[in-house]
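For reference, the structure is listed below as structure tokens.
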2 protein chains.
Amino acid sequence: MELTARKKEILKVVTERYIDAAEPVGSKYIAQAMGGSVSSATIRNELADLVEMGYLEQPHTSAGRIPSPKGYRLYVNELMERRQVSDQEAAEINSALQGKMQELDSVIAQAGQMVSSIVNYPAYAVTAGKNSVTVRRYDLLPVDAMSFIAVVMTDDSRVKSQLLRTELPVEAEQLPALANLLNTHFTGIHTEELGSKLMALAPQLGAELFMPLSQTIEFATAVIDNSERSHVFTTGQSQIFRQPEFQDLTKADGLMSLLTDQKSQLPVLDANTPMQILIGPENVNEALKDASVVVASYDIGDNMRGLIGVVGPTRMDYATVAARLSYFAESLTKMFGKNNQLPPKEDDIP
Amino acid sequence: MELTARKKEILKVVTERYIDAAEPVGSKYIAQAMGGSVSSATIRNELADLVEMGYLEQPHTSAGRIPSPKGYRLYVNELMERRQVSDQEAAEINSALQGKMQELDSVIAQAGQMVSSIVNYPAYAVTAGKNSVTVRRYDLLPVDAMSFIAVVMTDDSRVKSQLLRTELPVEAEQLPALANLLNTHFTGIHTEELGSKLMALAPQLGAELFMPLSQTIEFATAVIDNSERSHVFTTGQSQIFRQPEFQDLTKADGLMSLLTDQKSQLPVLDANTPMQILIGPENVNEALKDASVVVASYDIGDNMRGLIGVVGPTRMDYATVAARLSYFAESLTKMFGKNNQLPPKEDDIP
DNA sequence: TTTAGCACTCGAGGGAAAGGAGTGCTAAAG
DNA sequence: CTTTAGCACTCCTTTCCCTCGAGTGCTAAA
């Protein structure tokens, strides 16, 4: 059977109406929405075809039709009018982005919050999670006899520091030598090697040098681990309850658990794809089989990539969400691009 | 009317049974639970008294009784057997606390997670939020011509650092002088003054010095702000759904919103109180009127105090939660006291 | 191919009735 | 004065049945 233009139009009407009203759409409504050029009986014939072709579903024999995941997919791919964000929306998004910049992670978490409030669904944000982070450089700063500050800069230009207490006194004069040692032997290598290298060097050092060295390495390891792990931030979870399909506790529960306790299982985006829409059963995760996810990526500096996603019912307003999310992601890319702070961009040196 | 020993015993039985079964308790059950020494009719007389006195409630005339908030309060204050955590529970808690320590905030967030999993209710953790944090010390480390690392140590011994990019080249040799300037004029004073002092000093400095100075101050301001703000971490939100009283979406919704989007409104603990139990209407927050909260505090080092709380139905298992939470809080105090990291750890040297 | 007409289906909503847990009261017993 | 057995009563819950109406599918005519 062929998918005629009229069938497509009907599918579009059904989908948009269902997105709006959350109840099955009947032939009479469709006939009217299409301008009354055909009768409801004709529509009914078409509807029967669309069900047979798998684009629509019928909750029960005497109900109207709702889109199947396949129907949504067609809608998203072909039928949906790619919305542009309005000037007002753009203005809102931009003003939300003006906030002051802090640590990378908290910026990313905030981005998630903004998205959630912009689209009115729960949202999540994922930090990059680079593969093999190494330390580019160490600095040790004296504090007092029993403590010093370790500063670690990674090759993805994050800088972390911590106050470390020692058991034996460390002379301030020894610190540069120690830092030198660290910078010579412990840069550019990965965590496992850090440990083994430390062991190899141990015999040559006295306890008063080995201890602070070991503490610094331990700290560096934690920094690297933390930098390699991707963190997920979620917000707006309670928006879920505003959706009629999640009045049913069992469904809401699954999603809530995912959004609060199993964040790491939220879908990520294929490389090189700016945006992706995952409809119902297209999701791998069981808890998302009755939901849809829209994910977009943005660039952080030149070589990092952030991810931001929205979770909603299959009936979610794809056109609006997709438009706002992609605009938001693009804005973030721009902001990170032309902006100061976190990752230094290699730009024009005079 | 007098609250006889038998009335108290009945109240205890009712409360504990209701905590367990989540349904009104009838006279027959109580008679049996009390060893059959009295008949259900006697119990019924007592129950009528207890209702009149306000310790019990009757959902409707022909139902059993449930404790009123006043009843819970009496139970918590007098009747409840202060449970001790079992050796096994203690072992579990201790092993959970063995995890490696990282940044203070993430340790605190993790503590929340552990508590939630220990008590099977949602939990939250609040960071201290000291009042007037100042910078104790600045360090500036050269990176390249266009960037340097600012390290800021606050008077509560947190150390934060960030890579800062400059617009004009900064010579590595200038940094110690700059740091000196910072340490002379910008330590021990509060944020507002930082800005004004910077302005006051501005005329004496060339742009190539003023810029990095201003950037460092800006960073320091952010660090202080962040350190003064108290952060709230929540976990285990979805545990709420396991409770029959929150099957009703409208109630669950209020709590969920509180636990996800309005965390800052979660109750805190009065100073000098190690633990507090807030039952139903004793809570200020509207969303908590049908819920109870158990909050405990622990010490972080010598002069900071962390907060950790559990949210559950009024029917929550106070004895168990209180026991585990207070044990956990005490363990945290010990850990922070004698321990590693933040205050770093003294361990055996090879 | 489209349309009007019509019987049919099925869920939602609203009592009515049955079932049952638990009460309150009374009157007798301790 | 307290306790207890007995019993009528209350009221929630569950179940069943009925009605109502939206919407369908099919047929036959345009």
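Note on naming: letters A, B, ... go to the chains in the order of the sequence lines (proteins, then strands), and numbering restarts at 1 for each one.
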Return the value, rounded to whole Å, for the distance between atom CD of B:Glu46 and atom P of D:dT3.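 Rounding to the nearest Å, CD of B:Glu46 and P of D:dT3 are 7 Å apart.
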In whole angstroms, how far is the P atom of D:dT2 from the CG atom of B:Asp49?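 B:Asp49 atom CG is separated from D:dT2 atom P by 10 Å.
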Could you run through nucleotides 20-26 of chain D and give me one letter per nucleotide, 5' to 3': B if any protein heavy atom sits under 4.0 Å from the base, S if only the sugar-phosphate is that close, - if neither? --BSBB-
Not counting sequence neighbours, which residues clear side-chain contact (heavy atoms from CB on, under 4.5 Å) with [X]? List them please.
{"X": "A:Ile118", "result": "A:Ile93, A:Arg324, A:Phe328"}
{"X": "B:Ser39", "result": "B:Ala41, B:Thr42"}
{"X": "A:Asn285", "result": "A:Leu258, A:Gln265, A:Ala287, A:Leu288"}

Ignoring hydrogens and geometry beyond distance, is a side-chain donor-acceptor pair present between B:Glu89 and B:Tyr327 at under 3.5 Å?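 The answer is no; no qualifying pair exists.
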Any donor-acceptor N or O pair under 3.5 Å, side chains A:Thr61, A:Gln58: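 There is no such pair between these side chains.
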For A:Lys8 and A:Lys12, run side-chain contact (heavy atoms from CB on, under 4.5 Å): C-alpha distance rounded to whole Å, both residues' side-chain angles, the deciding distance at 0.1 Å, then the answer. CA-CA 6 Å; A:Lys8 286 188 183 176; A:Lys12 186 173 175 223; over 6 Å; no
What residues in residues 3-20 of chain B put a non-hydrogen atom under 4.0 Å from any atom of DNA chain D?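 Going residue by residue through residues 3-20 of chain B, the ones with a heavy atom under 4.0 Å of DNA chain D turn out to be B:Arg6.
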Tell me which one of A:Leu259, A:Val126, A:Val268 satisfies side chain to side chain contact (heavy atoms under 4.5 Å, CB included) with A:Val232.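 Result for side chain to side chain contact (heavy atoms under 4.5 Å, CB included) with A:Val232: A:Val126.
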Can you list the stems that include DNA chain D, where a stem is three or more consecutive Watson-Crick or G-U pairs with distances under 3.5 Å?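 Ordered by first number, the stems with DNA chain D (at least 3 consecutive pairs each) read C:1-30 with D:1-30.
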Aromatic B:Tyr55 / basic B:Lys70 pairing, under 6.0 angstrom, 45° off normal: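 Here B:Lys70 passes the 6.0 Å and 45° test against B:Tyr55.
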Centre-to-centre under 6.0 Å for A:Tyr72 and A:Tyr318, is that the case here?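 Ring centroids of A:Tyr72 and A:Tyr318 are less than 6.0 Å from each other.
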Respond yes when some side-chain nitrogen or oxygen of B:Ser39 is under 4.0 Å from OP1 or OP2 of D:dT4, and no when none is.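 For B:Ser39, the contact criterion (side-chain N or O under 4.0 Å from OP1 or OP2 of D:dT4) is met.
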Let me know, please, whether B:Ser37 or B:His60 comes out on the 5' side of the other along DNA chain D by nearest nucleotide.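 Nearer the 5' end of the strand: B:Ser37.
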Looking only at heavy atoms, which two atoms of A:Lys289 and A:Asn283 are closest? And how far apart?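 That closest heavy-atom pairing would be NZ-O, 2.8 Å.
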